Amino acid sequence: MGESDPVLCLPPLQHGQGSSHQRRNGKCPGGDEREYRSLHPGLSHESNTGKGEGMSETHTSLQQSMNVRREKLRKLRELGVNPYPVAFSRDTQAADIKSNYEALEGQSVTVAGRIMSLRRMGKASFCHLQDESGRIQCYLRRDDVGETGYEQFKLMDLGDFLGVTGYVFTTKTGEISIHASEITVLSKGIRPLPVVKEKDGEVFDPFEDKELRYRNRHLDLILNPEVREVFRTRARIISFLRHYLDEHGFLEVETPVLQPLYGGANARPFVTHHNALDQDFYLRIADELYLKRLIIGGFEKVYELSKNFRNEGIDRNHNPEFTALEFYQAYVDYEYMMDFVQDMIQRLARSLDKTRVNWGGMVIDLDRPFRRLAIFDALEEALGVDVRQFDESRLRDLARDRGLDTGKAVTYGQLLDELMKRLVEPGLVQPTFILDHPKAISPLAKPHRSGNPELVERFELFIGGAEFVNAFSELNDPLDQRERFEAQAALRRDGDEEDHPVDENFLEAVECGMPPTGGVGVGVDRLVMLFTENRWIKDVILFPTLRSQ
RNA sequence: GACUCCGUAGCUCAGCAGGUAGAGCAGCGGCCUUUUAAGCCGUUGGUCGAGCGUUCGAAUCGCUCCGGAGUCACCA
């Protein structure tokens, strides 16, 4: 546009203030650095390797920004400022100032945080500092912070850490702020942050690209306050579960992640190798078998918060590594555990003040007693047919009539399971215990006390159509247990890949005598999803598994 | 694993009847001592995810690959 002229701006045309005086003392070699994802600060700067420089010096705007920040860093040092002091003593957090305004007005406070907004107006400036509690605006005047203080401040950028001392006041636009008398540089960043602005709750240029958020969770946490809240809730949930079990006399234990054999669930494992032993190990898919060995060993109540690994697909409900809670108690059965689980989850909900959860437009009520529904009753309710007397072929016909592919379901039990998964479970929105599963799909559960040879004492808790809990009266008959394992192994040999090895060590332990035991497994990530009303598991895992770049 | 969609400046995006790129914000210089998506003037910055092909010419068309998202399959 015209140089110095009658600016004819039709639409609101605005420019940042700029200076074309970028100093390129850092000719970043190789201009291949363009994305947040692959960047890292270690890169050389001020590297005038006069080698092959020619015309090839590429200056992306990111490199320019970083060079400018390095230059500011240098200037800070030149001014005798340590840009990375070892500590800083503050006395107030941002949120405290707002919640105790009456008491603090006019009082001097010291805060520290990351600069999240910056408005400079010559000899005075406003900025917002963000600490873990939230944001507070600071007002700096050159006449108050001094010439040198203001010089330092001018070398600050969005994202840098600053300590501010000053008195609490309200600006004429009504925002509670700190009138700075002294500032302290706490940390200078050299990489620019994404810029997110907001006004009246409306966010401009939100940082919401999922890939960038997951790969750069630090940025996500800085820029999206609700994300911090999700992980605070996650911590509260885990802490609650731990305390609940502790208070009920359970012993927290740790069992191996590296296992010579895997078991306790149906899943493909990750394989790794120990060099000194020259032996392959599996990352655990469940901790069930080890925990039961502890019950056999004489601990009567044990639990473990267990990171499990399953070499399966990734989707909104599944991450290859996930967190499970398992607990086992001697001398109780699955009915006891059902009451226990319901109480635990309801108290958890109350402790979070979240007894009603909004789940995809439906309201889940966690405060009422959870429904209990035997598997055949559930099927009858959903299908309008009593399948109790059906044999395998009639079941298969029924499944086909309902449009199910029964190719993979070999046994009677698997057919039942397939029917449940497809036709019943998705409809279990309100918390529902499904009881008494087919034996064929429950190799670790005790035969049902009713005497029905096809059923076991097992329950699963469904909420919002998804499984949250799986529990049994644990099988402790060593001969039966061995037969079940062998049946599973045979089944898999017929099928394919998933050849579950028979765990002789576990069987030997059971052969030594195992008390009657109730056992429970809980999907912790799903609990977090539920209570934070997140539909994607990646949003409740800080660093979800992604393909590396 | 299958299918659909996406990948353009640090950020959010526009450009795609093919003619080697634009905006806002951020950044830089100037002015501005209560501003708030501050404002005004000036300005830097991109081998348009990668490669190959069609074409006189491709960010725009085709193929392959790499990443991501969504749906489904498997599993918790």
Side-chain angles (χ1 to χ4, degrees), chain A residues 1 3-5 7 9 11-24 31-32 34-37 39 58-69 71 117-128 137 139-144 150 157-158 169-175 177 179 191-200 202-212 214-215 219 223 265-268 285-286 308 310-320 322-324 405 408 421 460 466-470 498 521-526 536-538 546-549:
Chain A
M1 301 232 120
E3 358 266 54
S4 56
D5 266 24
V7 216
C9 29
L13 105 78
Q14 4 166 249
H15 289 91
Q17 57 269 50
S19 89
S20 53
H21 124 273
Q22 55 278 57
R23 43 200 74 224
R24 26 201 61 174
D32 53 300
R34 257 181 293 129
E35 302 267 8
Y36 261 101
R37 32 190 86 144
L39 300 182
T58 49
H59 293 276
T60 69
S61 92
L62 174 58
Q63 285 166 344
Q64 286 183 4
S65 294
M66 293 186 67
N67 287 341
V68 167
R69 287 174 184 231
E71 179 60 17
S117 78
L118 209 43
R119 290 179 293 282
R120 291 193 240 253
M121 302 165 301
K123 300 177 189 66
S125 298
F126 287 89
C127 68
H128 279 94
Q137 179 172 260
Y139 174 53
L140 293 90
R141 289 200 313 192
R142 193 194 59 182
D143 292 350
D144 298 317
Y150 207 69
D157 287 295
L158 247 34
F169 78 115
T170 300
T171 65
K172 73 181 183 191
T173 51
E175 177 164 351
S177 306
H179 192 127
R191 179 178 299 276
L193 259 42
V195 178
V196 175
K197 295 189 173 186
E198 70 167 281
K199 182 188 190 183
D200 302 331
E202 188 182 357
V203 178
F204 299 83
D205 297 344
F207 183 72
E208 60 189 2
D209 181 284
K210 287 197 174 199
E211 180 180 5
L212 287 177
Y214 300 146
R215 288 191 191 278
L219 296 177
L223 298 167
N266 251 330
R268 275 182 291 170
I285 59 172
N308 295 340
R310 299 191 182 174
N311 210 334
E312 312 270 359
I314 297 174
D315 63 26
R316 65 155 65 171
N317 290 310
H318 300 270
N319 195 61
F322 64 100
T323 304
D405 172 18
K408 285 192 180 146
K421 272 198 178 121
E460 291 176 294
E467 181 187 352
F468 277 68
V469 177
N470 184 23
E498 289 185 26
V522 180
V524 173
D525 306 285
R526 290 192 176 169
W536 282 271
I537 196 169
K538 281 178 179 165
L546 299 173
R547 201 183 296 271
S548 61
Q549 296 186 311

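No experiment lies behind these values; they were computed from the predicted model shown. Below, read A as the first sequence line, B as the second, and so on, with proteins coming before strands; counting in each chain starts at 1.
Across all strands shown, B/G46 forms no Watson-Crick or G-U wobble pair with both key distances under 3.5 Å. With a 3.5 Å ceiling on both atom-pair distances, B/C75 lacks any Watson-Crick or G-U wobble partner. Searching all strands for a Watson-Crick or G-U wobble partner of B/C11 with both distances below 3.5 Å returns B/G24. Remark: B/C31 base-pairs with B/G39; criterion is Watson-Crick or G-U wobble with both hydrogen-bond distances under 3.5 Å. With a cut-off of 3.5 Å on both Watson-Crick or G-U wobble distances, the partner of B/G70 is given as B/C3. For B/G57, there is no paired base (Watson-Crick or G-U wobble, both distances below 3.5 Å). Under the Watson-Crick or G-U wobble criterion, with both distances below 3.5 Å, B/G62 is paired with B/C52.
Put simply, the side chain of A/Glu208 and the base of B/U12 share no donor and acceptor less than 3.5 Å apart. Applying the 3.5 Å distance criterion, the base of B/G24 shares a donor-acceptor pair with the side chain of A/Asp205.
A 4.5 Å side-chain heavy-atom check between A/Ile314 and A/Lys538 finds at least one atom pair inside the cut-off. Side-chain contact between A/Val195 and A/Asp205 is absent, with no heavy atoms from C-beta onward closer than 4.5 Å. Within the 4.5 Å cutoff, no side-chain heavy atoms of A/Thr170 are placed close to those of A/Ser177. A heavy-atom distance below 4.5 Å is found between the side chains of A/Phe126 and A/Thr171.
Per the stacking criterion (ring centres < 5.5 Å, plane angle < 30°), A/Phe126 does not stack onto the base of B/A38.
Comparing B/C25, B/C74, B/G27 by their closest approach to the side chain of A/Val195 singles out B/C25. The nucleotide whose nearest atom lies closest to any side-chain atom of A/Arg310 is, among B/G67, B/C32, B/C75, B/C75. When each of B/C25, B/A76, B/U34 is scored by its nearest atom to the side-chain atoms of A/Asn266, the top-ranked nucleotide is B/A76. Nearest to the side chain of A/Val68, among B/A37, B/C75, B/G27, sits B/G27. Across B/G70, B/U34, B/U44, the shortest atom-to-atom separation from the side chain of A/Trp536 is found for B/G70. Closest approach to the A/Leu62 side chain among B/A76, B/A69, B/G10 is made by B/G10 (side chain taken as heavy atoms from C-beta onward). For A/Lys210, counting side-chain heavy atoms from C-beta on, the closest listed nucleotide (B/A69, B/C74, B/G27) is B/A69. Which of B/A26, B/A76, B/U35 sits closest to the side chain of A/Met121 comes down to B/U35. For A/Ser65, counting side-chain heavy atoms from C-beta on, the closest listed nucleotide (B/A76, B/A38, B/G27) is B/G27.
Among the protein residues, A/Arg69 comes within range of no part of the nucleic acid, since none of its heavy atoms lies under 4.0 Å from any strand. Residue-level contact check: A/Phe169 touches the bases, meaning some heavy atom is under 4.0 Å from a base atom. Here A/Asn319 lies in heavy-atom contact (under 4.0 Å) with a base. Contacts of A/Lys123 with the nucleic acid, taken as non-hydrogen atoms under 4.0 Å apart, include base atoms.
Under the 3.5 Å distance criterion, the side-chain polar atoms of A/Glu312 are matched with a main-chain donor or acceptor of A/Arg268.
A/Arg119 has a side-chain polar atom (N or O) that falls below the 4.0 Å cut-off from OP1 or OP2 of B/A38. In terms of phosphate contacts, A/Lys538 brings a side-chain nitrogen or oxygen within less than 4.0 Å of OP1 or OP2 of B/A69. Dashed line: the shortest gap from a side-chain N or O of A/Arg215 to OP1 or OP2 of B/G67 is not under 4.0 Å. For B/U71, the OP1/OP2 oxygens have a side-chain nitrogen or oxygen of A/Arg316 closer than 4.0 Å. Look at A/Lys199 and you won't find any side-chain N or O under 4.0 angstrom from OP1 or OP2 of B/A38.
In this structure, NZ of A/Lys172 is placed 9 Å from C1' of B/U35, rounded to the nearest angstrom. At whole-Å resolution of the value, CD in A/Glu312 and P in B/A76 are 8 Å apart. When the C1' atom of B/G10 is taken as reference, atom CZ of A/Phe207 falls 11 Å away, rounded to whole Å. Rounded to a whole Å, the NE2 atom of A/His179 is 10 Å from the P atom of B/U34. Distance, A/Glu211 CD to B/A69 P: 7 Å, rounded to whole Å. One interatomic measurement links the two molecules: CG of A/Asp315 to P of B/C3, which rounds to 18 Å at whole-angstrom precision. Taking atom CD of residue A/Gln63 and atom C1' of nucleotide B/A9, one finds them 13 Å apart after rounding to whole Å. Taking atom CG on A/Asp157 and atom P on B/C25, their separation rounds to 18 Å, with Å as the unit.
Residues satisfying the side-chain contact (heavy atoms from CB on, under 4.5 Å) test with A/Asn319, not counting sequence neighbours, are A/Glu321, A/Ile537, A/Ile541, A/Pro544, A/Thr545. Qualifying side-chain contact (heavy atoms from CB on, under 4.5 Å) partners for A/His179, counting only residues two or more places apart in sequence or in other chains: A/Tyr139, A/Arg141, A/Asp144, A/Tyr167, A/Phe169.
Closest of all the heavy-atom pairs between A/Ser125 and A/Tyr150 is OG-OH, 2.7 Å.
B/A59 and B/G7 have their C1' atoms separated by 12 Å, given to the nearest Å. Here, B/A9 and B/G53 have their C1' atoms 28 Å apart, quoted to the whole Å. Taking atom C1' in both B/A2 and B/U20, one finds a spacing of 38 Å when rounded to whole Å. B/G18 and B/G30: their C1' atoms are spaced 43 Å apart (whole Å). Spacing between B/U44 and B/A58 at atom C1', rounded to whole Å, works out to 27 Å. For the P atoms, the distance linking B/C63 with B/U4 amounts to 11 Å, nearest Å. Nucleotides B/G46 and B/A14 have their C1' atoms positioned 15 Å apart, rounded to a whole Å. To the nearest whole angstrom, the two P atoms, one in B/A50 and one in B/C11, are 15 Å apart.
Each of A/Ser117 and A/Tyr139 was assigned the nucleotide of RNA chain B with the nearest heavy atom; the assignment lying further toward the 5' end belongs to A/Tyr139. Summary of the strand contacts: A/Leu546 and A/Gly313 both lie near RNA chain B, and taking for each the nucleotide with the nearest heavy atom, the more 5' one is attributed to A/Leu546.
The side chain to side chain contact (heavy atoms under 4.5 Å, CB included) with A/Val196 is formed by just one residue from the set A/Leu219, A/Leu158, A/Val203; it is A/Val203.
Taking 90° from 0 as the syn/anti boundary, the base of B/A17 is oriented syn.
With no hydrogens or angles considered, no side-chain donor-acceptor pair links A/Gln64 and A/Arg69 at under 3.5 Å.
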